[in-house]
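Residue numbers begin at 1 in each chain, while the letters A, B, ... track the order of the sequences.
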2 protein chains.
Amino acid sequence: MKKKLSIVDIANELNVSKTTISFILNGRAQEKRISNELVERVMKYVAEVGYKPNSLAKSLRTGKSNTIGLMVEDISNPFFASIARLIEDRAYKNGYKIIYCSTDNDTSKTQDLIGMFRDRHVDGYIMAPPEGIEEDIESLIKDGMPVVLFDRHLPGVKTDFIEIDNLFSTYNATKHLIEQGFKNIAFVTFASHQTQMVDRVKGYEDAVKSDGLKSTVKEIVFNQDEEQIMVPLRDFFKENPNIDAILFGTNHIGTCGLKVMNELGKKAPTDIAVISFDDYDVFKLHSPPVTAIAQPVEAIADNVITVLLEKLNDRSSSAKPQSIVLKTDLRIRNSSLKK
Amino acid sequence: MKKKLSIVDIANELNVSKTTISFILNGRAQEKRISNELVERVMKYVAEVGYKPNSLAKSLRTGKSNTIGLMVEDISNPFFASIARLIEDRAYKNGYKIIYCSTDNDTSKTQDLIGMFRDRHVDGYIMAPPEGIEEDIESLIKDGMPVVLFDRHLPGVKTDFIEIDNLFSTYNATKHLIEQGFKNIAFVTFASHQTQMVDRVKGYEDAVKSDGLKSTVKEIVFNQDEEQIMVPLRDFFKENPNIDAILFGTNHIGTCGLKVMNELGKKAPTDIAVISFDDYDVFKLHSPPVTAIAQPVEAIADNVITVLLEKLNDRSSSAKPQSIVLKTDLRIRNSSLKK
DNA sequence: GTGAAAGCGCTAACAA
DNA sequence: TTGTTAGCGCTTTCAC
């Protein structure tokens, strides 16, 4: 186990002061008017011995850790997993590492996690915030930490966020079902006061109401566990035999919904037409293919990281927070077409 | 933006030396025979003002970062995403944070990433290693870093790894197809020299050979991009019209395979029987449901983190590396049953 | 039982 | 143009 070289070792070996080395390594040679010759000699030696500055020490000194904290609801959910992947790529390209964690939409867990991230001196936060976390986020912002929210935002908290047009998405999807001639359209979602969920419900309700149809909203308690979602779904189907179309509010519920429909032998679209939020392989490959509200995952990730990097590079600027709202794409497939 | 308290602030406020504070905070009060009274006073004050030691400084001093580096092939792949989720939970429970990254199975990218992790002083490494990374891993180990591999291992590199019985898995799946009466069974996989892939091919070949059947292996160049996988798959189906059963070597290929079959109007199991490695919603919900080789994801994650924590807690022990091989579960569904 | 002080490796103000 | 030096906040040896 060879000992790691420090800047002092380099300085001694080259008979130069460590300051000079530091300047050269940090690209400030020009500014400090250090001779090209020296710069070259140093760079060559550094490359040769493979010296890498200790980033911990650097962080301690500069207060920067080049780390971004990413908090999602559940990293194993395909929506968040794909966002995470894209954010990771872009972050690494810009010299940032990602520490991630799953909040499970649990407020107190998230508070702990924020504490850990803070403790780790992450430079910035990207999160899909759970309910009730407003104060913690505000305190983060007050302390000058860049925070970018996505998938939802916190009304009242002034910070940047990237989200999609949830209201229009479900409105549009519901309208599509209505146009197809379905009359008894249900919306199944997680019980939640989060903005994205509230908007999704509202979009659905606006649409059914505008056509004088009955609104049937089934709210399920948030849970990662499939069985806990499927139980109330089974009940729902039994209690509402007259439903002829259903809109699922998230990919997780959509997948569980399809499973329950399978169990019960209900076929789309003949028994019940189906649309789900989010577009994944499960929906594309299903028989029949399931109509889905596709989120622009790449654009979301791009915007998130772009906004965060902007804030990171320009800490002082207290420019007005940006709210970016992206469009979704209703991918119409057989599951929602009236025969 | 309130200034963060340091141990010195606490010491001054309490008129005690920072050493004493440090001892108390690190649970060495007893050992150092510090008066209970003082301990209490310090603890009370610390709790009151919400003082948290600067972990960066602590890491710099102790060399421990309480961070684990997790390197998977692609965090957005459901297999790795679910493993990541489980590892995350267990790591956090034990006071460790996770920094993750996706290797894309790219050797030089992985080398960079290892460099970053090393630079960040992660305490331990969990990885699904790409090919050609042997030396880097060995150098990690030589430097005393705990490394646990999973999903595959590197022959010749002496370190702990957790994997599944790949050979038996595909052997068993192939046997199942043979028992069902299929005669022209193909195996479609990524071209790779990685242990898990080699074993999967071998399991398949052993099975077909043992029954005197022809072996048809289609190797596809590794790629995350679906289209790049689907193109050779389309060719394969066209060039091999007589295939009556197919075994997909990974979930990604399996999913793409189903898509191509959809395009071409080929139905399982009547046109071609299908089995895929890994068991996910796509396969469960498919019509017909797809027979799958389910990996024990939880057991893998559990074992990985257990072994790593053991090594972390007992650095000195150069106990013989553990190789844990777990069983898979062939979940037989309609896609592989002869009508 | 407690405290002084060295030092982990680095940056940057200030000197020279 | 380069070097000296003072910390960043913490742990730990050694002395009292």
*Taking only the side-chain heavy atoms of B/Arg61 (C-beta and beyond), determine which of D/dG7, D/dT12, C/dT2 contains the nearest atom.*
D/dT12
_Among D/dG9, D/dT2, C/dG3, the one nearest B/Val16 by side-chain distance_ = C/dG3
_A/Leu14 CG to A/Lys44 NZ distance, which is reported to the nearest 0.5 Å_ = 10.0 Å
*To the nearest 0.5 angstrom, please state how far the CG atom of A/Leu5 sits from the CG atom of A/Asn12.*
11.0 Å
*Listed by chain and number, what are the ring-ring contact (aromatic ring centres under 6.0 Å, His included) partners of B/Phe150, not counting sequence neighbours?*
none
_Could you walk me through whether B/Leu38 and B/Ser35 satisfy the side-chain contact (heavy atoms from CB on, under 4.5 Å) test, starting with their C-alpha distance in whole Å, then the side-chain angles of each, then the deciding distance to 0.1 Å, before giving a yes or no?_
CA-CA 5 Å; B/Leu38 215 202; B/Ser35 69; 3.2 Å; yes
Distance check needed: [N] [atom2] versus [X] [atom1], whole Å only.
X       : N      : atom1 : atom2 : answer
A/Lys64 : C/dC10 : NZ    : C1'   : 15 Å
A/Lys58 : C/dC8  : NZ    : C1'   : 17 Å
A/Ile21 : C/dT11 : CD1   : C1'   : 14 Å
B/Ile7  : D/dC8  : CD1   : P     : 14 Å
A/Phe23 : C/dC14 : CZ    : P     : 12 Å
A/Asn15 : D/dT1  : CG    : P     : 20 Å
B/Leu60 : C/dT11 : CG    : P     : 12 Å
B/Asp9  : D/dC10 : CG    : C1'   : 13 Å

*Let me know which of A/Glu131, A/Glu73, A/Glu163 forms a salt bridge (charged side-chain N to carboxylate O under 4.0 Å, His left out) with A/Arg152.*
A/Glu73
_Run A/Ile34 and A/Thr20 through side-chain contact (heavy atoms from CB on, under 4.5 Å) and show every step you take._
CA-CA 8 Å; A/Ile34 293 168; A/Thr20 310; 3.9 Å; yes
*Indicate, yes or no, whether a donor-acceptor pair under 3.5 Å links the base of C/dT11 to the side chain of A/Lys18.*
yes
*asked:* When you measure only distances, ignoring hydrogens and angles, does the side chain of B/Thr19 come within 3.5 Å of the base of D/dT12 through a donor and an acceptor?
replied: yes
*asked:* In terms of relative ring orientation, are A/Tyr125 and A/Phe117 parallel, tilted or perpendicular, with 30° and 60° separating the classes?
replied: tilted
*Terminal axes of the helix from C/dG1-D/dC16 to C/dA16-D/dT1 (five pairs each): angle between them, nearest 10 degrees*: 50°
OP1 or OP2 of [N] sitting under 4.0 Å from any side-chain N/O of [X]?
X       : N      : value
B/Ser17 : C/dT2  : no
A/Ser22 : C/dC10 : no
A/Tyr51 : C/dC10 : yes

_Under 4.0 Å, counting only non-hydrogen atoms across every strand here, what does B/Leu56 touch: a base, just sugar-phosphate, or nothing?_
nothing
_Exercise: identify the closest heavy-atom pair between B/Ser76 and A/Ala81_ = CB-O, 3.7 Å
_Keeping A/Asp151 on the side-chain end and A/Ala128 on the backbone end, is there a donor-acceptor pair under 3.5 Å?_
no
_Please check: side-chain N/O of B/Ser6 versus main-chain N/O of B/Val8, any donor-acceptor pairing under 3.5 Å?_
yes
*Mind running a 4.0 Å heavy-atom check of residues 25-35 of chain A against DNA chain C and sending the residues that fall below it, in number order?*
A/Asn26, A/Arg28
